[in-house]
Amino acid sequence: MTKHVVKVLEAQYITHDVKQFRIEKPAGYNFVPGQATDVALNKKDWDGNFHPFTFTCLTKQDYLEFMIRIYNSRHGLTEQLGRTNAGAELIIQEPFGAIQYKGPGVFIAGGSGVTPFISIFRDLHHKKLLRGCRLIYSNYTAQDVICGQELSDMLKEDFVAHYTREGVIGFLERRLNHDLLVQYIADFSQRFYICGSDSFVKDISQVLLELGAASDALVIDK
Ligand SMILES: Cc1cc2nc3c(=O)[nH]c(=O)nc-3n(C[C@H](O)[C@H](O)[C@H](O)COP(=O)(O)OP(=O)(O)OC[C@H]3O[C@@H](n4cnc5c(N)ncnc54)[C@H](O)[C@@H]3O)c2cc1C
């Protein structure tokens, strides 16, 4: 597996716990929107600890970009990335699979699961091919939304922000369930892209199948 040592060019928080990293792009490095790569810190004791993150920049940009949710309580790689700034070095591997665009449809994301969709939407928007795509983006609260303004500007009325813990006394969960998906989606004969935690993908896929979606119309990272 080829490894590339790259410098961090810019690092800044774009929400209270999501940090955007722009890093050097190795010569000849290419990816398809929606793809991810394994990332480690080029630092003693951390250079073998690779975790997957998704590219969010346009393929033609001369840097690579990630948007990474920082989990300080886990004392893992992302806590270290929270302390990593311009000038530091990362190690990246080759791009791999994850979710790729197969045509218009409904995109359903939970939390940082939106990152492959940001990459796909930026690419389609750039090519003026975004028509027919709708995003249902679930988060705990509005504070947790990544790139909300940009997604809203690109998708207009096809951007649906759903909050599971917003404005609900006692933090009652308002998870994306059967009734809410019926409310948000009129036509279940479409293609569906789903990305989020394993349980999010499993739960949403199951409800979509119950509502009549075809199993081969579900695009998920397996
Ligand atoms: C293909 C792919 C693409 C991805 N792209 C992105 C992306 O673009 N942006 C992004 O933000 N994330 C992305 N992720 C998720 C990201 O890889 C993880 O969030 C990251 O690896 C977490 O690393 P960590 O070392 O901080 O924590 P972990 O390795 O998850 O945790 C460190 C330790 O904390 C403990 N722990 C783990 N989970 C929990 C928990 N829920 N509660 C309490 N303790 C826990 C465990 O003891 C664990 O050993 C992607 C994942 C995949 C599979």
Side-chain angles (χ1 to χ4, degrees), residues 1 3 6 8 10-23 25 29 31-59 61 63-85 88 90-102 107-123 135 137-141 143-148 150-151 164-165 173 175 193-205 218-222:
M1 181 64 78
K3 293 180 183 172
V6 288
V8 175
E10 281 177 49
Q12 58 172 343
Y13 276 91
I14 54 169
T15 76
H16 65 101
D17 65 353
V18 174
K19 201 167 175 184
Q20 173 185 277
F21 292 88
R22 290 192 175 156
I23 62 170
K25 185 178 192 174
Y29 195 94
F31 68 93
V32 177
Q35 280 192 314
T37 191
D38 285 314
V39 178
L41 277 168
N42 192 25
K43 191 168 143 184
K44 191 170 172 286
D45 298 333
W46 287 95
D47 53 0
N49 186 0
F50 284 90
H51 289 242
F53 298 101
T54 310
F55 302 107
T56 49
C57 48
L58 291 172
T59 53
Q61 271 159 329
Y63 55 82
L64 297 172
E65 182 184 272
F66 302 108
M67 295 174 186
I68 297 181
R69 176 147 283 139
I70 306 297
Y71 297 101
N72 285 320
S73 61
R74 296 191 194 174
H75 308 306
L77 175 66
T78 64
E79 183 192 29
Q80 292 294 316
L81 287 170
R83 300 181 195 148
T84 299
N85 290 306
L90 304 182
I91 309 170
I92 61 167
Q93 300 191 6
E94 293 304 306
F96 63 82
I99 288 186
Q100 289 182 29
Y101 185 64
K102 297 185 173 182
F107 293 70
I108 307 177
S112 56
V114 78
T115 53
F117 300 162
I118 290 173
S119 179
I120 289 169
F121 292 151
R122 281 178 167 179
D123 180 59
L135 173 66
Y137 183 16
S138 181
N139 280 282
Y140 290 138
T141 72
Q143 275 194 315
D144 302 312
V145 174
I146 304 173
C147 291
E150 183 183 350
L151 289 166
T164 56
R165 294 183 182 173
E173 288 276 340
R175 297 173 77 85
Y193 299 81
I194 311 158
C195 193
S197 66
D198 290 347
S199 59
F200 179 87
V201 174
K202 185 167 160 270
D203 291 352
I204 300 291
S205 302
L218 302 189
V219 183
I220 56 177
D221 180 25
K222 290 185 180 143

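Atoms within a ligand are numbered from 1 in the order they appear, just like the ligands themselves. Please read these numbers as outputs of a predicted model, since none were measured by experiment.
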For ligand 1, which atoms sit closer than 4.0 Å to a heavy atom of [X]?
X      : value
Tyr71  : 19 (O)
Arg69  : 10 (C), 11 (O)
Ser112 : 10 (C), 11 (O), 12 (N)
Asp221 : 1 (C)
Thr78  : 22 (C), 23 (O), 24 (P), 25 (O), 26 (O)
Leu77  : 24 (P), 25 (O), 26 (O)

Is it true that Lys43 and Asn49 share a donor-acceptor pair across their side chains at a distance under 3.5 Å? no

Close aromatic pair by centroid cut-off 6.0 Å: Phe117 and Tyr137: no

Can you check [atom]: any protein non-hydrogen atom closer than 4.0 Å?
atom                    : answer
atom 49 (O) of ligand 1 : no
atom 6 (C) of ligand 1  : yes
atom 46 (C) of ligand 1 : no

At a non-hydrogen distance cut-off of under 4.0 Å, which region of Thr115 contacts ligand 1 (side chain, backbone, both, or neither)? side chain

Search all heavy atoms of Ile120 against all heavy atoms of Gln100 and return the closest pair with its distance. CD1-C, 4.3 Å

Minimum heavy-atom distance Tyr71-Thr78, with the two atoms named: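 Nearest heavy atoms, Tyr71 then Thr78: N-OG1, 2.9 Å.
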
For the pair Thr164 (side chain) and Arg175 (backbone), establish whether a donor and an acceptor sit closer than 3.5 Å, ignoring hydrogens and angles. no

Tell me which one of Gln80, Met67, Arg74, His51 gets a heavy atom nearest to atom 32 (C) of ligand 1.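 Comparing heavy atoms across Gln80, Met67, Arg74, His51, the nearest one to atom 32 (C) of ligand 1 lies in Arg74.
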
Assess Phe66 for proximity to ligand 1: is some non-hydrogen atom of it under 4.0 Å away?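 Checking ligand 1 against Phe66, which is what was asked, there is no heavy-atom contact under 4.0 Å.
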
Can you tell me which residue and heavy atom of the protein come closest to atom 52 (C) of ligand 1, and the distance to 0.1 Å?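 Scanning the protein heavy atoms, the shortest distance from atom 52 (C) of ligand 1 goes to Pro52 CG, 3.5 Å.
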
